[in-house]
Amino acid sequence: MKIWSSEHIFHHPWETVTNAAMQKYPNPMNPSVFGVDVLNRSVDADGRLHSTRLLSTEWGLPAMAKSIIGVTRTCTYVQEHSVVDPIQKTFELKSTNISFTNLVSVDEKLTYKPHPQDPKKTVLTQEALISVKGVSLSSYLEGLMAKTISVNANKGREAMEWVIRRLNTEIEELAATARGTIRVPMAAAVTDK
């Protein structure tokens, strides 16, 4: 088993980062995630949002790793469960692969919390447990997968920034449209006098 972990600070408030994380896919930085289906979404009695999603992904395993594992198809499905607690300001996301579980298991946990010293920043803590079973060179393959997870985590952070920029642009465009529609009736009312 291989354990991978990372911490990253986003220079955005928790609400912004959480909103972006919920809308992260699809994005140009992570084209390997090509489908996201919401299986269940509910709010509990404490106001926490629980979501279960199915992600369709294309694992970019090297050809040698595919041959060692004995697969040619690398389309995989990942089940993701998340809990957003707006009162405690925590967003916890857990995911696990549901394809190739007889050979590989990857259990990942991401936690987003406000930075303890700066509420305009958000701390992301990320960890993954990687286990390759029943094949030779499993330790080597776990190391390869940990490197892939690390590269994908960096792409994921870039994607989060991309989503935040996109959301900010949408907000600016909506505000500009709203200002324009408010001015038109007011201008018409002034000329109607």
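In plain terms, the two heavy atoms of Trp4 and Ala146 that are nearest each other are CD1-O, 4.0 Å. When every heavy atom of Lys2 is checked against every heavy atom of Gly143, the shortest pair comes out as CE-CA, 4.4 Å. Taking each heavy atom of Gly47 and Pro86 in turn, the nearest pair found is O-CD, 3.4 Å. Nearest heavy-atom pair across Asn30 and Ala159 is OD1-CB, 3.5 Å.
The CD atom of Glu80 sits 13.0 Å away from atom NZ of Lys94, with the distance rounded to the nearest 0.5 Å. Between the CD1 atom of Ile130 and the CD1 atom of Ile149 there is a distance of 3.5 Å, given to the nearest 0.5 Å. Between the CD atom of Glu127 and the OG atom of Ser6 there is a distance of 10.5 Å, given to the nearest 0.5 Å. If you take CD on Gln126 and OG on Ser150, they are separated by 9.0 Å, rounding to the nearest 0.5 Å. Interatomic distance, OG of Ser5 versus CG of Leu129, reported as 10.0 Å (0.5 Å rounding). If you take CG on Asp118 and NE2 on His11, they are separated by 9.0 Å, rounding to the nearest 0.5 Å.
Residue Val36 belongs to a hydrophobic cluster whose other members are Tyr25, Val33, Leu55, Val78, with links defined by side-chain heavy atoms closer than 4.5 Å. Hydrophobic cluster membership of Val123, counting Ile, Leu, Val, Met, Phe, Trp and Tyr whose side-chain heavy atoms lie under 4.5 Å apart directly or via other members: Ile9. Through chains of ILVMFWY side-chain contacts below 4.5 Å, Met22 is grouped with Phe10, Trp14, Val17, Val43, Leu49, Val84, Phe91, Leu93, Leu110, Tyr112, Leu124, Met160, Ile164.
Val151 and Val132 fall into different hydrophobic clusters, where Ile, Leu, Val, Met, Phe, Trp and Tyr side chains are chained together by heavy-atom contacts under 4.5 Å. One hydrophobic cluster holds both Val106 and Tyr140 under the rule that ILVMFWY side chains link at heavy-atom gaps under 4.5 Å. By the rule that hydrophobic residues join a cluster once side-chain heavy atoms approach within less than 4.5 Å of another member, Val135 and Met1 end up as members of separate clusters.
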Run the numbers on Thr18 and Thr122 for side chain to side chain contact (heavy atoms under 4.5 Å, CB included), then give the verdict. CA-CA 9 Å; Thr18 299; Thr122 303; 6.0 Å; no

Candidate pair Lys133 and Ser105, rule side chain to side chain contact (heavy atoms under 4.5 Å, CB included), full reasoning: CA-CA 8 Å; Lys133 305 167 245 177; Ser105 70; 4.0 Å; yes

Could you go step by step and tell me if Thr169 and Arg166 meet the side chain to side chain contact (heavy atoms under 4.5 Å, CB included) rule? CA-CA 5 Å; Thr169 300; Arg166 194 190 77 209; 5.7 Å; no

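Every residue was checked against the salt bridge (charged side-chain N to carboxylate O under 4.0 Å, His left out) condition with Lys24, not counting sequence neighbours, and none meets it. Scored by the side chain to side chain contact (heavy atoms under 4.5 Å, CB included) test, Thr90 finds Asp85, Gln88, Lys113 as partners (sequence neighbours excluded). In this view, Glu15 and Lys89 satisfy the side-chain hydrogen bond (donor to acceptor under 3.5 Å, both in side chains) rule, not counting sequence neighbours. In this view, Glu172 satisfies the side chain to side chain contact (heavy atoms under 4.5 Å, CB included) rule with no residue, not counting sequence neighbours. Contacts of Arg48 classified as salt bridge (charged side-chain N to carboxylate O under 4.0 Å, His left out), with partners at least two apart in sequence or in another chain: Asp44, Asp46. Residues satisfying the side-chain hydrogen bond (donor to acceptor under 3.5 Å, both in side chains) test with Arg165, not counting sequence neighbours, are none. By the side chain to side chain contact (heavy atoms under 4.5 Å, CB included) test, Thr52 pairs with Leu39, Asn40, Gln79, His81, sequence neighbours left out.
Legend: salt bridge (Lys or Arg N to Asp or Glu O under 4.0 Å) pairs involving residues 138-162, not counting sequence neighbours: none detected. Screening residues 158-179 for ring-ring contact (aromatic ring centres under 6.0 Å, His included) gives no qualifying pairs among residues at least two apart or on separate chains.
Residues Ser51 and Ser82 form a side-chain contact, since some pair of their non-hydrogen atoms from C-beta on lies under 4.5 Å apart.
Side-chain contact annotation: Thr57 with Thr76, donor-acceptor N/O pair under 3.5 Å present.
Using modelled atom types, one side-chain atom of Thr148 and one backbone atom of Leu144 make a donor-acceptor pair closer than 3.5 Å.
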